[in-house]
Amino acid sequence: MPVDAKRANLPPLSLHVPEPQFRPGDEVDFSDVAVPPAGEQPRPDTAADPGTFHELAYTLVRVLDEDGNAVGPWNPRLDADTLRTMLRNMALVRAFDERMFRAQRQGKTSFYMKCTGEEAVSVAATSALAADDMCFPSYRQQGILITRGYPLIEMMNQIYSNKGDKLQGKQLPIMYSARDHGFFSISGNLTTQFPQAVGWAMASAAKGDTRISATWCGEGSTAEGDFHSALTFATVYKAPVILNVVNNQWAISSFSGFAGAEATTFAARAIGYGIAGLRVDGNDPLAVYAATQWAAERARTNQGPTLIEHFTYRAEGHSTSDDPSAYRSAQEWSSWPLGDPIKRLKDHLIGLGEWDEDRQAAQDQELAEMVRKTQKDAEKNGILGHGMHQKFETMFEGVYEEMPWHLKEQMQQMLDEDDAAGHPGPKR
Ligand SMILES: Cc1ncc(C[n+]2csc(CCOP(=O)(O)OP(=O)(O)O)c2C)c(N)n1
């Protein structure tokens, strides 16, 4: 190793390469994950100065205690109907994920991504927003669409790229777009939605509107430059935006340490920007609701942005193309100290005397049946491998508002070649 003679007495430099605690086959011990007791975190005024958020950026805002009781100043005190609706929506997301994952394994679609274990992060957050607030999701917040009542068949049609697909088969499965449900078009390029959400919020403020925006990205995605741009614009203009970081511990096979989690929290990123930062138990639907409600009020009263880190765990593979048993211990999800968000809300409702196991089982069955029936209907519009489901020429539409001459020429060439090849099909 070359050593500079002038510094021969100094130790050689060494590089720190993060290494996850557990690998396949390892016994998992999460006892060093700091989980503060529920109810002990202070709830500041929504107009509080961003400089006062140090404690909240390093702890975990928690409402549901170990016995399923809602405690402390963050308890949003929701009525039983609202709690049951949230429980139902989270269970529906899980049922939908199960079914669509299986459809991919059966070769009916090319790709799918589940959000198992992270249902609260989208469902509870959306429940605390107004229906016309604008959401800028990543690919793992299908719970937003489900909470807003977007028809399941539309989601499935998109997943199947079939003739019912509103995106005309132009997008990879699950890259939904639903403007009328306040759901911005998902992009495959990580974190691009962050500055876009901030820009949307700035436009809303510039126009004197009352709507706010919310955006989500994974902890791995915070390493993108767009994350920095978004936070800078958000703080400079006090944009009415909620910046959600879903820390599910993994970015495909890279553990959160590769995005900087060994050094500090993701909520603490907010401090350097002068943004209010909250770190929340992402598997506690009441804490997620309360934090979002707090951040929404802050945004709506022109107090500026909030960054919320949702501390959770990605229970399943990254996508249908991923096998997590190749890089992490299979015990991680069952050992995760914050449990399962659906079970935690269910236990809370049972504790209140507003729910029971029989109703839960009946609901699970009803939701599975509804998803199954909708799937059958969607499959009537076509599945993967069963020919073309959209007219050939739609491929050239929407590139520009009006099709320029060179695209018209390419389209005609394609149609002529297809005719010459004697291909039948729904092309015109
Ligand atoms: C700009 C960019 N770089 C890389 C990728 C490939 N990629 C897709 S998902 C992913 C991991 C993202 O992890 P994280 O942000 O933690 O979100 P999670 O998948 O855990 O929800 C990567 C690297 C991409 N889609 N876009």
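Both counts, for ligands and for their atoms, begin at 1 and track the order of listing. All values derive from a computational prediction rather than experimental measurement.
- In terms of heavy-atom proximity, Asp340 sits nearest to Trp333 at CA-CH2, 4.0 Å.
- Within 4.0 Å of ligand 1, the residues that place a heavy atom are Tyr139, Arg140, Gly188, Asn189, Leu190, Gly218, Glu219, Gly220, Ser221, Glu224, Asn248, Trp250, Ala251, Ile252, His318, listed by chain and number.
- For the salt bridge (charged side-chain N to carboxylate O under 4.0 Å, His left out) test, no residue two or more places apart in sequence or in another chain qualifies with Asp97.
- Screening residues 174-184 for side-chain hydrogen bond (donor to acceptor under 3.5 Å, both in side chains) gives Ser177-Ser185 as the qualifying pairs, with residues at least two apart or on separate chains.
- When each of Thr192, Asn189, Leu190 is paired with Asp226, the side chain to side chain contact (heavy atoms under 4.5 Å, CB included) condition holds for Thr192 and for no other.
- Residues Ile159 and Thr109 come closest through the heavy atom pair O-OG1, 2.7 Å.
- In this view, Asp165 satisfies the salt bridge (charged side-chain N to carboxylate O under 4.0 Å, His left out) rule with no residue, not counting sequence neighbours.
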